[in-house]
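Below, all heavy atoms of this structure are taken into account, side chains as well, without hydrogens, waters or symmetry copies.
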Amino acid sequence: MKNQIIALSSLLFLTAFTSCTSLLTPAILGNNMGYMPKAMGADSVKTLTNVSASYAGSTSPSAGTDFELGMANISQSHTFKKSNISYGIFAYAGKASGGDNDNDAENLKNYLPSFQKSISGVGLRFSAGLHNTSANGNTDFRYINFENALSFEGGAYTKFRQQVYSNPIPDYVAVTNRKVLWTTGLSTEVIWRARNDHDIRHAFRFFLGGTPNFASSFRSGVKAYDEINGKNSFGWVFNYFLYIKRFSLSYEMADNVNYAQKISLGYSFQ
């Protein structure tokens, strides 16, 4: 499953670097701006609590480090006449793998040795937005939303990044020691319900944003400098959301530092 996700990412994200540089990025980036379900403007119940589980796969910008994560998410949302607010928490665990299998002395001067490390973390999400409801109540246009995610990453992979950061760095390696990450930006969304069955809903969401001061947190080897010089963390996230009688499915893909895809199954309490 992980290999299928990474292969599909390579086809979808044509801007991926083609060099042999390894970027050691935090694992959660690309999967931190998760979808938080909300009640529609015409619903009689305006508060929605959602629990979900996610499987996520991603790769660093140079395709040198791969991530595989399982995630648990809880969120609550409140819908008002012209506005909405959502907040939630999430936790994740998984593994990171990368490096080069050739461990001779000359190769280690240029590249990292092969590694596989555990990842774990927790985070918070917050969203506030404005919307319009169609005259028949079947469509909400959530035309602007201010979204934020604050993540705290740990585990053996985070310690590994900090060790690499604090020592002489191989020529073709760039690394950040960040373990607290704030991603922020704006999104737009449209959600509609079936005319004859209001318990069936579809939504599309598009997010644009970044992680402030993230690019400046990198150190690199001499050959990797050109890969990160002048780069920034600005990226995008696209979601499709399906809701059927309180059960939900969300599919997400992102170019938000890491190239990522995620699928989530959830249940909503009213």
Exercise. Which atoms form the tightest heavy-atom contact between Gly221 and Ile169, and what is the distance?
Worked result: N-CG2, 3.6 Å

Exercise. Just by distance, with hydrogens left out, do Glu252 and Asn239 show a side-chain donor and acceptor under 3.5 Å apart?
Worked result: yes

Exercise. Linking I/L/V/M/F/W/Y whenever any side-chain heavy atoms sit under 4.5 Å apart, do Leu265 and Tyr55 land together?
Worked result: yes

Problem set entry | Val222 reachable from Ile228 in the ILVMFWY side-chain graph, under 4.5 Å edges | no

Exercise. Taking Arg161 for the side chain and Val175 for the main chain, is one N or O donor matched with an acceptor at less than 3.5 Å?
Worked result: no

For this session: Inspect the surroundings of CG in Asp199 and state if more than 12 heavy atoms from other residues, nucleotides or ligands are less than 6.0 Å away.
Result: yes

For this session: Using the rule that two of Ile, Leu, Val, Met, Phe, Trp, Tyr join whenever any of their side-chain heavy atoms come within less than 4.5 Å, decide whether Met33 and Val257 are in one cluster.
Result: no

For this session: Please name all residues satisfying ring-ring contact (aromatic ring centres under 6.0 Å, His included) with Phe160, sequence neighbours left out, ordered by chain then number.
Result: Phe115

Exercise. Under 3.5 Å, side chain of Ser60 to main-chain N/O of Thr65, donor-acceptor pair present?
Worked result: yes

Problem set entry | Joint hydrophobic cluster, Val190 plus Phe241, side-chain heavy atoms closer than 4.5 Å | no

For this session: Give a yes or no answer on whether the side chain of His198 reaches the backbone of Asn138 with a donor-acceptor pair at less than 3.5 Å.
Result: no

For this session: Identify the two heavy atoms, one from Ile28 and one from Met71, that lie closest to each other, and give their separation to 0.1 Å.
Result: CD1-CE, 3.8 Å

Problem set entry | Pairwise side-chain contact, Phe90 with Ser54, heavy-atom cut-off 4.5 Å (strictly under) | no

For this session: Decide if atom OH of Tyr225 counts as having more than 12 heavy atoms of other residues, nucleotides or ligands within a radius under 6.0 Å.
Result: no

Problem set entry | Rounded distance [0.5 Å steps], NZ in Lys81 versus CG in Asn132 | 11.0 Å

Exercise. Ala156: what forms a side chain to side chain contact (heavy atoms under 4.5 Å, CB included) with it, not counting sequence neighbours?
Worked result: Lys117, Ser118

Exercise. Taking everything shown except Lys223 itself, do over 12 heavy atoms lie less than 6.0 Å from its NZ?
Worked result: no

Exercise. Do Asn258 and Pro61 have side chains that get closer than 4.5 Å, going by heavy atoms?
Worked result: yes

Seminar exercise, completed: OG (Ser52) and CD1 (Ile263) are apart, to the nearest 0.5 Å, by 11.5 Å

Exercise. Atom CG in Asn110, atom OH in Tyr172: separation rounded to 0.5 Å?
Worked result: 6.0 Å

Exercise. With no hydrogens and no angle check, is any side-chain donor or acceptor of Asn50 less than 3.5 Å from a backbone partner on Asn73?
Worked result: no

For this session: Taking Thr79 for its side chain and Ala39 for its backbone only, find out whether a donor-acceptor pair lies under 3.5 Å.
Result: yes

For this session: Under the side chain to side chain contact (heavy atoms under 4.5 Å, CB included) rule, collect the residues that match up with Gln270, sequence neighbours excluded.
Result: Val45, Leu48, Tyr243, Arg246

For this session: Evaluate the side-chain contact (heavy atoms from CB on, under 4.5 Å) criterion for residues Phe126 and Ile85: first the C-alpha distance (whole Å), next the side-chain angles of each, then the deciding distance (0.1 Å), finally the verdict.
Result: CA-CA 8 Å; Phe126 174 80; Ile85 186 171; 3.6 Å; yes

For this session: Could you check Asn256 against Thr183 for side-chain contact (heavy atoms from CB on, under 4.5 Å), going step by step and ending with a plain yes or no?
Result: CA-CA 9 Å; Asn256 192 13; Thr183 301; 4.0 Å; yes

Exercise. Going by the side chain to side chain donor-acceptor pair (under 3.5 Å) test, which pairs reach into residues 140-159, not counting sequence neighbours?
Worked result: Tyr92-Glu153, Thr133-Asp140, Arg142-Glu189, Asn145-Ser187, Glu147-Ser187, Glu147-Arg205, Asn148-Trp182, Asn148-Thr184

Exercise. Would you say Ser75's side chain and Gly88's backbone share a donor-acceptor pair under 3.5 angstrom?
Worked result: no

Exercise. What residues form a side chain to side chain donor-acceptor pair (under 3.5 Å) with Thr49, not counting sequence neighbours?
Worked result: Gln76

Problem set entry | Those residues that, when tested against His202, pass ring-ring contact (aromatic ring centres under 6.0 Å, His included) (two or more places apart) | Trp192

For this session: Please name all residues satisfying side chain to side chain donor-acceptor pair (under 3.5 Å) with Ser217, sequence neighbours left out, ordered by chain then number.
Result: Thr176

For this session: Please name all residues satisfying side chain to side chain contact (heavy atoms under 4.5 Å, CB included) with Phe234, sequence neighbours left out, ordered by chain then number.
Result: Leu208, Asn232

For this session: With sequence neighbours left out, write down each residue that passes salt bridge (charged side-chain N to carboxylate O under 4.0 Å, His left out) with Arg201, or none if nothing qualifies.
Result: Asp43

For this session: Measure from the side-chain N and O atoms of Arg219 to the backbone N and O of Val164, and report whether any donor-acceptor pair falls under 3.5 Å.
Result: no

Exercise. Side chain of Ser216, backbone of Asn213: donor and acceptor closer than 3.5 Å?
Worked result: yes

Exercise. Is there a donor-acceptor contact under 3.5 Å linking the side chains of Ser86 and Ser127?
Worked result: no

For this session: To the nearest 0.5 Å, tell me how far Asp171 CG sits from Tyr111 OH.
Result: 9.0 Å

Exercise. Nearest heavy-atom pair of Phe218 and Ala174: which atoms, and what distance?
Worked result: CD2-C, 3.9 Å

Exercise. Taking C-beta and beyond as the side chain, do Val51 and Phe269 meet within less than 4.5 Å on heavy atoms?
Worked result: yes

Exercise. Do the side chains of Val237 and Tyr259 join up, straight or via other hydrophobic residues, at under 4.5 Å, putting them in one cluster?
Worked result: no

For this session: Walk me through it: do Phe146 and Leu186 pass the test side-chain contact (heavy atoms from CB on, under 4.5 Å)?
Result: CA-CA 5 Å; Phe146 176 52; Leu186 300 174; 4.2 Å; yes

For this session: Identify, with sequence neighbours excluded, every residue that meets ring-ring contact (aromatic ring centres under 6.0 Å, His included) alongside Tyr240.
Result: Phe204

Problem set entry | Gap between atom OG of Ser58 and atom NZ of Lys262 - 0.5 Å precision | 10.0 Å

Seminar exercise, completed: Tightest non-hydrogen contact, residues Ala27 and Leu69, listed as O-CD1, 4.0 Å

Exercise. Looking only at heavy atoms, which two atoms of Ala42 and Arg193 are closest? And how far apart?
Worked result: CB-NH2, 3.7 Å

Exercise. So how far is it from Thr59 OG1 to Gln261 CD, rounded to the nearest 0.5 Å?
Worked result: 11.5 Å

For this session: Search all heavy atoms of Gln162 against all heavy atoms of Asn177 and return the closest pair with its distance.
Result: NE2-O, 3.8 Å

Exercise. Can you name the side chain to side chain donor-acceptor pair (under 3.5 Å) partners of Asn31, sequence neighbours left out?
Worked result: none

For this session: Using ring-ring contact (aromatic ring centres under 6.0 Å, His included) as the criterion, list what pairs up with Tyr87, not counting sequence neighbours.
Result: His78

